[in-house]
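Structure, as structure tokens:
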Amino acid sequence: MLLEVCVDSLASARAAIAGGADRLELCSALLAGGLTPYTELLRQIRHESDVAVRCLIRPRAGDFLYMPEEIEMMCVQITELRSAGANGFVIGCLNPDGTLNTTFLRTAKATATYTCRDGEQTYSPRFSYMGFRYAGVKGVDAKDLEIEAVALYSDVEHSGSFRCSNEMLNKLQSNITWGAKSNFVDIPTDCPQRDERMGWTGDINVFAPTALYNFELSRFLEKWLRDVKAEQLPTGGLPNTVPVQGYGFPATMPEMAVDWWGDACVLVPWALYEATGSLDVLRMMYHTMQKYVKACCFWAGFGIGKHRYIWHTPAVLHFGDWVAPDVPKMSQWQGRSKYTATASLCNTSGRLAKIARLLGKDEDAAQYETLSAKVADAYCSILTDGSGKAKDEFQTAYVLPLYLNMFPENVKAKAAENLVKLVEKNDYKIGTGFPGTPYILFALADSGHADTAFKMLLNTQCPSWLYEVRVGATTVWERWDGLDENGECPIGDDGTDMMISYNHYASGAVGAFLYRRVLGVEPTEAGYRKFKFAPVVGGGITEAEGTVGTPYGVIKAAWKIADGEMTMTVAVPVGTECTVMLPSGEEKVLGSGEYTVTAKA
């Protein structure tokens, strides 16, 4: 007898199964592993939980569909099968008619084949993992089969938490967390299900600050950064995936310095430094950062005058405003590369200047500060009208220079107003790709438009973070428009070969806004030796609470508004200092201890 198992990851939250079946309860899927440590820096894979998987429905003769009964996640999996005998077996996810969907896996077979012997037996894959949401079985009677799922991920400590009065935001936080776990299996991958599962640098580059609020990742990321260092090209460029494994996408892109993807060699170490206060990772990566920024300068340097600081190599050599939902084609995302790449060079050189100062390399710092200032000036002089209006208007064109403080002081307010106009025109829906998404809410809220930021955050129309939640997502999607209201994928021939993943954590980078602005906890000195507790109130949210793990202990913070008063409580670890920002703007500086502060809301 043959037992065949196929796994897929269609994260449709409302399975409208044909044939009059009842609506399925919302669940998700699993975590996986089968990997073991191979360096002293790599933690072992953690067993999160054993989960019963129940039979749901029989969509066609000979097949059964299964999904996990208790936990809500869409991750990677190990399944344990107990069978008294069977003819065939398949695991996967759903089409609109209720049958298994494997199209979005592309070339990934995601199939395990098991030949049954007589009598009861148990089978569990040991050397592979497959992300999925629904499991289909063929060739076996449901009464003769038990399936158990084991949630696995690299053994990273869950060190942070966030909750507020808006349950949809709480679900978003859950989706962000499970998406991270399922992609933290030995290396930070892009997705756990289709024919990639690779260490894409661009994804972790934008997600690292959020990830470090939720998890203690020092050893995990330091190990991966050693791989980044080892994979750097002699020219200073970096491959888009680390480790390198021969995958080339887009086909037009050679291994070279690529903005926002290669930036991981600078921004991931910086995020680690901010979370831990340790200079070790900055020292380890400093030469790698220097070589990378030098390579970026080389590619940006083809021009005269200020154009030498506009990174304007052909768009096919960039990802640009990757998966921006306001334009439908990959070529259009890439076509925005002058804006995204130039902002990237301003950011990496400016960040490297700060790193050089911290490491006592003042001469280097001065050079990088000058470079960053020249790039910012070129952006504003060439890509805008000089008065805060981008020559090509799209959300990311404003978000990056606002967040990165590239605009002159006298035009910042006007630039922010122009961004607000674009957001309002788009009915407060997101219009940014990978580079702009982590920063758009900060760009709005920190420039005096918190109301607009909350309208975007809480929007439930497509495209938005909470649209995904509303239609039942259990992790964050790669594409904002991954499913329409009917549970069907609308993506057509956009140049990406039907690129869609329903477990891709990059856009979950919004989690940093939940911690830093909604909850209000943010380091003002690396490692949280000093931090502020300054909630930004809006969107009808009346309370929030959370924890943040630090080298000094756990910060506990909460706030609540009732009867016109705001009550703020905070636990300040020993050896740290907290500045509490009251709604009036008054500041209170607190040493270690537990405090409750009440003020007029």
Side-chain angles (χ1 to χ4, degrees), residues 73 75 153-154 156-164 169-184 187-191 199-218 220-221 224-225 260 263-264 266-276 323 347 351 399 403 430 432-443 445-446 453 456-457 464-466 468-469 473-478 480 503-523 526 528 531 536 544 546-550 555 557:
M73 49 182 159
C75 309
Y153 53 94
S154 289
V156 294
E157 180 185 352
H158 201 305
S159 58
S161 65
F162 169 87
R163 190 201 68 81
C164 71
L169 287 183
N170 296 338
K171 179 57 178 169
L172 174 62
Q173 166 68 6
S174 172
N175 292 0
I176 292 168
T177 302
W178 276 115
K181 287 180 180 180
S182 55
N183 279 295
F184 288 167
I187 61 172
T189 58
D190 60 329
C191 58
W200 278 96
T201 51
D203 298 67
I204 191 62
N205 179 55
V206 297
F207 186 67
T210 293
L212 286 160
Y213 267 106
N214 289 315
F215 304 98
E216 204 298 298
L217 294 173
S218 297
F220 180 82
L221 289 178
W224 181 75
L225 286 169
W260 293 102
D263 296 9
V266 178
L267 302 188
V268 175
W270 180 261
L272 268 172
Y273 165 70
E274 279 199 317
T276 66
V323 300
N347 188 31
R351 203 65 57 95
V399 169
Y403 179 78
I430 193 82
T432 52
F434 270 37
T437 295
Y439 313 122
I440 185 166
L441 299 184
F442 289 103
D446 296 351
M456 175 173 278
L457 174 63
S464 68
W465 289 283
L466 295 191
E468 297 176 16
V469 171
T474 54
T475 49
V476 177
W477 300 348
E478 178 182 32
W480 297 100
N503 188 355
H504 233 82
Y505 55 54
S507 294
V510 69
F513 186 84
L514 300 182
Y515 278 99
R516 295 189 175 199
R517 295 296 179 268
V518 180
L519 177 61
V521 175
E522 183 175 17
Y528 295 87
F531 65 95
V536 177
T547 59
V548 178
T550 81
I555 296 169

Query - Shortest non-hydrogen contact from Val206 toward Pro209 - result: O-CD, 3.8 Å

Query raised in the report: Can Tyr403 and Asn347 be counted as having a side-chain donor-acceptor contact under 3.5 angstrom?
Result: no

Query - Trp465 and Trp480 aromatic ring geometry - parallel, tilted or perpendicular at 30°/60° bounds - result: perpendicular

Query - Heavy-atom pair of closest approach, residues Leu519 and Ala557 - result: CD1-O, 3.7 Å

Query - Side chains of Asn183 and Phe207 in contact at under 4.5 Å (non-hydrogen atoms) - result: no

Requested in this report: Kindly give the heavy-atom pair with the smallest separation between Ala275 and Leu212, and that separation in Å.
Outcome: CB-CB, 4.1 Å

Query raised in the report: So, the side chain of Asn214 versus the backbone of His158: is there a donor-acceptor pair under 3.5 Å, distance only?
Result: no

Report task. For the residue pair Leu514 and Leu457, establish whether any side-chain heavy-atom pair is separated by less than 4.5 Å. Result -> yes

Report task. Measure from the side-chain N and O atoms of Asn175 to the backbone N and O of Ala473, and report whether any donor-acceptor pair falls under 3.5 Å. Result -> yes

Report task. Give the C-alpha distance, both sets of side-chain angles, the deciding distance and a yes or no for side-chain contact (heavy atoms from CB on, under 4.5 Å) between Glu478 and Asp190. Result -> CA-CA 9 Å; Glu478 178 182 32; Asp190 60 329; 5.8 Å; no

Requested in this report: Mind telling me whether Phe215 and Phe184 have parallel, tilted or perpendicular rings, with 30° and 60° as the class edges?
Outcome: perpendicular

Query raised in the report: Between Asn205 and Gly202, is there a donor-acceptor pair closer than 3.5 Å when you use the side chain of the first and the backbone of the second?
Result: no

Report task. Decide side-chain contact (heavy atoms from CB on, under 4.5 Å) for Phe531 and Thr550; before the verdict, give the C-alpha distance in whole Å, the side-chain angles of both, and the deciding distance to 0.1 Å. Result -> CA-CA 11 Å; Phe531 65 95; Thr550 81; over 6 Å; no

Query raised in the report: Heavy atoms, side chains only, cut-off 4.5 Å: are Ser182 and Tyr505 in contact?
Result: no

**Report entry** Gap separating the CD atom of Gln173 from the OG1 atom of Thr210, nearest 0.5 angstrom
**Finding:** 9.0 Å

Requested in this report: Measure the CG-OG1 distance between Asp203 and Thr201 for me, rounded to the nearest 0.5 Å.
Outcome: 8.0 Å

Query - For Tyr213 against Pro523, the heavy-atom pair lying closest together - result: OH-CD, 3.8 Å

Query raised in the report: Are the side chain of Thr475 and the backbone of Gly179 linked by a donor-acceptor contact shorter than 3.5 Å?
Result: no

**Report entry** Inter-residue atom distance Phe162.CZ - Leu172.CG, 0.5 Å rounding
**Finding:** 9.0 Å

Query raised in the report: Quick one: does Tyr515's side chain have a donor or acceptor within less than 3.5 Å of a partner on Ser161's backbone?
Result: yes

**Report entry** Considering all heavy atoms, the nearest Ala544-Val518 contact
**Finding:** CB-O, 4.2 Å

Requested in this report: May I ask you to test the Leu441-Arg517 pair for a side-chain heavy-atom distance under 4.5 Å?
Outcome: no

Report summary line: Note: Ala271 and Ala208 closest approach over all heavy atoms is CB-CB, 4.0 Å

Query raised in the report: What distance separates Ile204 CD1 from Leu217 CG, expressed to the nearest 0.5 Å?
Result: 7.0 Å

Query raised in the report: Considering only heavy atoms from C-beta outward, does the side chain of Val510 approach that of Thr437 to under 4.5 Å?
Result: no

Query raised in the report: Taking the side chain from Ser159 and the backbone from Glu216, do they hold a donor-acceptor pair closer than 3.5 Å?
Result: yes

Query - Atom pair CZ/OH of Arg351 and Tyr273 - distance to nearest 0.5 Å - result: 12.0 Å

Report summary line: NZ (Lys171) and CD1 (Ile176) are apart, to the nearest 0.5 Å, by 11.5 Å

